[in-house]
Structures are given as C-alpha cells and as structure tokens.
S.K.: 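Sharing a structure here in structure tokens format.
Chain A is the first sequence line, chain B the second, and so forth, proteins listed ahead of strands; every chain is numbered from 1. What you see below is based on every heavy atom in this structure, not just the backbone, and it leaves out hydrogens, waters and symmetry mates.
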Protein chains: 2
Amino acid sequence: MQGFKTGELKAEPGSEILAEGASSTQLYTALSGMGVRYKTVEDGRRQVVGFVLPGDFVGLQSGIMGEMQHSVEATTTMTLCAFNRSNIWSLFKSQPSRAFDLTHLAAREEQLLGEALVTIGQMSGVARVSWALYRFYQRLSALELKKNGRVPLPYRQQDLADAVGLSLVHTNKTLTRLREAGVATWQDDALVVHKENELAQLAGMDPGEISVRPLI
Amino acid sequence: MQGFKTGELKAEPGSEILAEGASSTQLYTALSGMGVRYKTVEDGRRQVVGFVLPGDFVGLQSGIMGEMQHSVEATTTMTLCAFNRSNIWSLFKSQPSRAFDLTHLAAREEQLLGEALVTIGQMSGVARVSWALYRFYQRLSALELKKNGRVPLPYRQQDLADAVGLSLVHTNKTLTRLREAGVATWQDDALVVHKENELAQLAGMDPGEISVRPLI
DNA sequence: CGGTACATTGAGGCAAGTCAAGTTGAGTGG
DNA sequence: CCACTCAACTTGACTTGCCTCAATGTACCG
C-alpha cells in the first residue's frame, strides 16, 4: 500500500481540497487536521454531508465514479497522504482484498449518510444537534483525541447547523440549552460531554454503538 | 455473471425482503416490481432511504459489511434474482472489473443519499416533494416504463412522506397544490408530469440530468 | 482603534406538525 | 345485494418548532 503514495498535501484552513463536479486525479487519506464535506445549492445554502477526521479517506467518489459529488474543505490545517487515481484500478487487479476494503469504505460512507438522513428527516432540533455532538464524541474518542474528557472540535456553529439542517440561530439556541442542561458543552473548539447517556438518549441512539473500519 | 445466480425470489406486497440488522447470505437484483428501503426509529417513525426499482441491487451492504443498515420491503409483487453472498468475494478475486462495477454501485448509492440529504436538509416542502416526483419520473422513464406520459408509481403517500421527511398531511396538501398548479399529478398509482421544466425548477434541479449506471 | 469573523439574544412570523373529521373504494360476509 | 370493515386519501382548524430579521457582544488582527 505504501507504494501507492505519491506525495503529501498540506491544506490551509479554508482551502478547498476537492471541488464538487471536479475529477481530480488525486485521492487522499487525512493524516491530521479536520475538514468538511459539503454540497452547495444555487441559492447559496449548503448542506454539510460529513466531517473529515484523521484517518478518513477523501475523494473515493472521484476515484470510482470519475467525479466528486461534494466539495471538501479544510477547516484546520490538514496534512493528507496523496495517491494516484489510476492506482485504484491496479489495486482491483492485483490486490482483491484491498479492493474489498475500499468497497467496504464506500459502504460505510453510505451507512453514515443513511443515519444522517434518518436524523435530519425524522428528529427534532435537539435530537439532531445531540446526534451530531454524540457522533463527534464517539469518533474523536476512538481516535484517542480525548483528553480530560474534552475532545477537540474546531468547527464553527454554522458548520454544525448546515450539517443538521437547522438555522444558525436555532442551532445556537439549542447548544445553549444543552449546555444549561448540563448535558454537553461545546466552546473554544472543544467539546465536553458531561452526561453521555443523556446525550445519547436525546440523540435517539444507544450509548457505545461504535464500529470498526478498515484503514487504507 | 449468470453463473452466480442461485435462484429467484418472489415477494408479495408488504413482505420484508431484508431486515435491518440482519446478515442475509442472499443478495438480490430486482427484476420486476417495486419496493422501499427504510430505517425505523424507536418511536415508530420511519425514514424511507430509497425506492427499489427494477434493475436495482438489493443487499449490497450486507454483502460487503455483513449486516443490513436498512430494511427492504416489497410494495408490489416483486421478482428478484438471488445471488450467494460468498460469491462476492470470489468476484473480487477473479473478476476485478466486475468488482469495480460493484464498488461503483456502492458509490452511486452514496451519491443518491447525498442528494437526498441536501434536499431534506435544505429545501422547502414543495421542493422536497417535487424533487422526489421528478426523480421518480426520470428513473422510471429511463426504464422505459413511460406510456402516454404516465409512469407507474404504486407507492402510498405515506411512503413519499417518510422519504422526504414531511408529515403525511402536509405531503398530501403539497401534492394537491402541485396538481392544481398543473405541474404534476399522482393518482391511481400513476404519475403524470405536465410541466417537466417547472417541476425540475421547483425541485431545484436541472432538467435532464441523468446518469448511467452499470448493471449487475 | 476600525475591521472582520463568529457567537449570542430577542422579537415576530410562517411553514409544517398535530388533531380530528370525513370521503372514497376495495374487500368480505351475512 | 347491502351492511360492514379497513386502508388510503382529503380537508379544515389549531398549534408550534423553527426561521428570519436585527441587534449586540466578543474576540482577534492589521
């Protein structure tokens, strides 16, 4: 797998790594830093379809389908490991088990989106925000990024709002309520979950439902 | 590919083909009839994450990840072509190009979900309903199921409501408005689009953005 | 010190939800 | 052939969660 690496990319905060509709020849694995995946609509609104954390694959869609369906932007400074798109095909020919892992990744992305769809389509505002926070908490904890009960969360409230389909104002008020209820606090780029079970319940999830994922 | 076929399944209306959380050893390709993919939440609500039309693959997730993330139910009588799950792995080993197609399918599913997420997360009620109707119109037209401008659409309004994240009542009123505006009519299990461009515009889409997909 | 970017708070309005009756049509059984 | 049931579709009245508008607060930075 190492042989496929063609370089490293360093992305500054706010810079676009991949653009919707573009067919990049490069694919990446995030090594450090965080980013957002999003789609924009004509009227300027945007929907965040996912958050890129260390270890995540970026650009699989363009690798498989030839074109990105969403943009990816760096939120913090990111370093990414770059591969060449043409290597994907040779991967399928020479390393079927790696190819299978890749498909597994695509299926997992689909799973994540499905869960988001349920949350956004059926749940109330509090539940949506709780869900997002809890998901962050789980993923970042699994990445060993938890220190003293705090996980780094360098996003803006607008990013969260665009992810859960609520207005910025309403998202803000919901976060305030969660904080005042002593459930979870997100301030200064860090998230603290005070009552994990309560948060999970608000989110309509079972605590501790984490799942493995193959690394590429 | 034919060699992998292990049988045919006939599903009656209302019957469950695959259950969320189950790890079926069977995968299917829909030959005829229509169905829904959905996830349920504890309180009884459900989110329709997709509609199964002829030609669609069913059970890819359980084939790749070992467990379905959503249920699949037949809406009309369906016939499905069954494969054995273990064949997927041999496919990756012996037919890399077929394996690639499979991954392509997974990526396309992801694309569809992403589009749904944008629609449900950012668009108004009319836009969501219009989007769903237009998507149906496109997909069913591509399947050559259009006759005299009518495409078959044997779902219930509740299915549509659960798909776009609106209440049944509101979905009904929106459909009525679309009908009275002379844009599209969905009655008696058939959809007629009177003003395609207007529908597309309401849906926030460009008319005629269709895409190819490999058949398995 | 202005300027910019993000977070916060209050007020008022509307889209969409809920509740509650009907209506229609397709079985089904007496 | 008519009463009855049941599932889906309609429609109206009322309620509310969320949105928009509009300030204000608070850092950080050149």
S.K.: So, for A/Gly33 and A/Thr76, which heavy atoms are closest and what is the spacing to 0.1 Å?
M.R.: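 That would be CA-OG1, 3.3 Å.
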
S.K.: For residues 170-185 of chain A, which residues have at least one heavy atom under 4.0 Å from DNA chain C?
M.R.: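 A/Asn172, A/Lys173, A/Thr176, A/Arg179, in order of number.
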
S.K.: Can you name the residues that form a side-chain contact (heavy atoms from CB on, under 4.5 Å) with B/Glu67, not counting sequence neighbours?
M.R.: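 Per chain and number, B/Glu67 pairs via side-chain contact (heavy atoms from CB on, under 4.5 Å) with B/Gln69.
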
S.K.: Quick one: do A/Asp159 and A/Arg46 make a salt bridge, cutoff under 4.0 Å?
M.R.: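 A salt bridge is present here (some side-chain N lies under 4.0 Å from a carboxylate O).
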
S.K.: Among residues 36-49 of chain A, which ones have heavy-atom contacts with DNA chain D below 4.0 Å?
M.R.: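 Only A/Arg45 qualify.
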
S.K.: Using a 4.0 Å heavy-atom cut-off to protein, can you give one letter per nucleotide of nucleotides 22-30 of chain D, 5' to 3': B if the base is in contact, S if only the sugar-phosphate is, - if neither?
M.R.: ---------

S.K.: Got a donor-acceptor contact below 3.5 angstrom from the A/Ser71 side chain to the A/Glu20 backbone?
M.R.: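 Yes: the side chain of A/Ser71 pairs with the backbone of A/Glu20.
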
S.K.: Going by ring pair (Phe, Tyr, Trp, His ring centres under 6.0 Å), name the residues that satisfy it together with B/Tyr28, two or more places apart in sequence or in a different chain.
M.R.: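 B/Tyr28 satisfies ring pair (Phe, Tyr, Trp, His ring centres under 6.0 Å) with no other residue.
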
S.K.: Test: ring-ring contact (aromatic ring centres under 6.0 Å, His included). Region: residues 62-82 of chain B. Which pairs qualify, not counting sequence neighbours?
M.R.: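 Non-adjacent pairs meeting ring-ring contact (aromatic ring centres under 6.0 Å, His included): zero.
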
S.K.: Using a heavy-atom distance cut-off of less than 4.0 Å, which residues of residues 117-127 of chain B contact DNA chain C?
M.R.: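 Within residues 117-127 of chain B, the residues near DNA chain C are B/Ser124, B/Gly125.
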
S.K.: Check every strand shown and say whether A/Leu168 touches a base, only sugar-phosphate, or nothing at a heavy-atom separation below 4.0 Å.
M.R.: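 No contact.
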
S.K.: Under 4.0 Å, heavy atoms only, any strand: does B/Gly165 hit a base, just the sugar-phosphate, or nothing?
M.R.: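 B/Gly165: backbone/sugar contact only, no base atoms under 4.0 Å.
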
S.K.: Could I get the full list of ring pair (Phe, Tyr, Trp, His ring centres under 6.0 Å) partners for B/Tyr137, not counting sequence neighbours?
M.R.: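 By the ring pair (Phe, Tyr, Trp, His ring centres under 6.0 Å) rule, B/Tyr137 matches no residue at all.
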
S.K.: Chain B on DNA chain C: first and last contacting nucleotide, 5' to 3', under 4.0 Å to a heavy atom?
M.R.: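 Reading along DNA chain C, I get C/dA16 to C/dC19.
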
S.K.: Is a side-chain donor or acceptor of A/Trp186 paired with a backbone partner of A/Leu153 at a separation under 3.5 angstrom?
M.R.: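 Yes; judged by distance alone, with no hydrogens or angles, the pair exists.
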
S.K.: Sequence neighbours left out, what passes side-chain contact (heavy atoms from CB on, under 4.5 Å) with B/Ala19? Give chain and number order.
M.R.: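 For B/Ala19 the side-chain contact (heavy atoms from CB on, under 4.5 Å) partners, ignoring immediate neighbours, are B/Glu16, B/Ala22.
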
S.K.: Per the end-axis method with five pairs at each terminus, what is the bend angle of the helix from C/dT8-D/dA23 to C/dG30-D/dC1, to 10°?
M.R.: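 Here the local axes at opposite ends form an angle of 30°.
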
S.K.: Using only atom types and a distance under 3.5 Å, with no angle test, would you say the side chain of A/Thr103 pairs donor to acceptor with the backbone of B/Thr103?
M.R.: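 No, because the side chain of A/Thr103 does not come within donor-acceptor range (under 3.5 Å) of the backbone of B/Thr103.
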
S.K.: Just checking, any donor-acceptor pair under 3.5 angstrom between side chains of B/Asn197 and B/Gln201?
M.R.: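 No, B/Gln201 and B/Asn197 have no side-chain donor paired with an acceptor closer than 3.5 Å.
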
S.K.: For B/Arg139, is there an ion pair with B/Asp56 - N to carboxylate O distance below 4.0 angstrom?
M.R.: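 Yes, charged N to carboxylate O under 4.0 Å.
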
S.K.: Out of B/Met123, B/Arg128, B/Gln47, which one pairs with B/Val164 under the side-chain contact (heavy atoms from CB on, under 4.5 Å) rule?
M.R.: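 With B/Val164 as partner, side-chain contact (heavy atoms from CB on, under 4.5 Å) holds for just one option, B/Arg128.
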
S.K.: What residue among A/Asn172, A/Leu166, A/Leu199 forms side-chain contact (heavy atoms from CB on, under 4.5 Å) with A/Val129?
M.R.: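 Testing A/Val129 for a side-chain contact (heavy atoms from CB on, under 4.5 Å) against A/Asn172, A/Leu166, A/Leu199 leaves exactly one candidate, A/Leu166.
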
S.K.: Can a donor-acceptor pair be found, under 3.5 Å and without considering hydrogens, that links the side chain of B/Tyr155 to the backbone of B/Gly35?
M.R.: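 Between the backbone of B/Gly35 and the side chain of B/Tyr155 there is a qualifying donor-acceptor contact (under 3.5 Å).
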
S.K.: Of all the heavy-atom pairs spanning A/Leu175 and A/Leu133, show the shortest one and how long it is.
M.R.: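 Taking every non-hydrogen atom into account, CD2-CD1, 3.9 Å.
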
S.K.: Are the charged groups of A/Glu42 and A/Arg45 less than 4.0 angstrom apart, N to O?
M.R.: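 No.
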
S.K.: Quick one: which residue pairs count as a side chain to side chain donor-acceptor pair (under 3.5 Å) with a foot in residues 31-40 of chain B, not counting sequence neighbours?
M.R.: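 Counting only pairs at least two positions apart or across chains, the side chain to side chain donor-acceptor pair (under 3.5 Å) contacts touching residues 31-40 of chain B are B/Ser32-B/Thr79, B/Tyr38-B/Glu73.
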
S.K.: Starting from C1' on D/dG17, measure out to CG on B/Leu166 and report it in whole angstrom.
M.R.: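 One finds 14 Å between C1' of D/dG17 and CG of B/Leu166, rounded.
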
S.K.: Rounded off to whole Å, could you give me the CZ-to-P distance for the B/Arg156 and D/dA7 pair?
M.R.: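 Going from B/Arg156 (CZ) to D/dA7 (P), I get 11 Å.
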
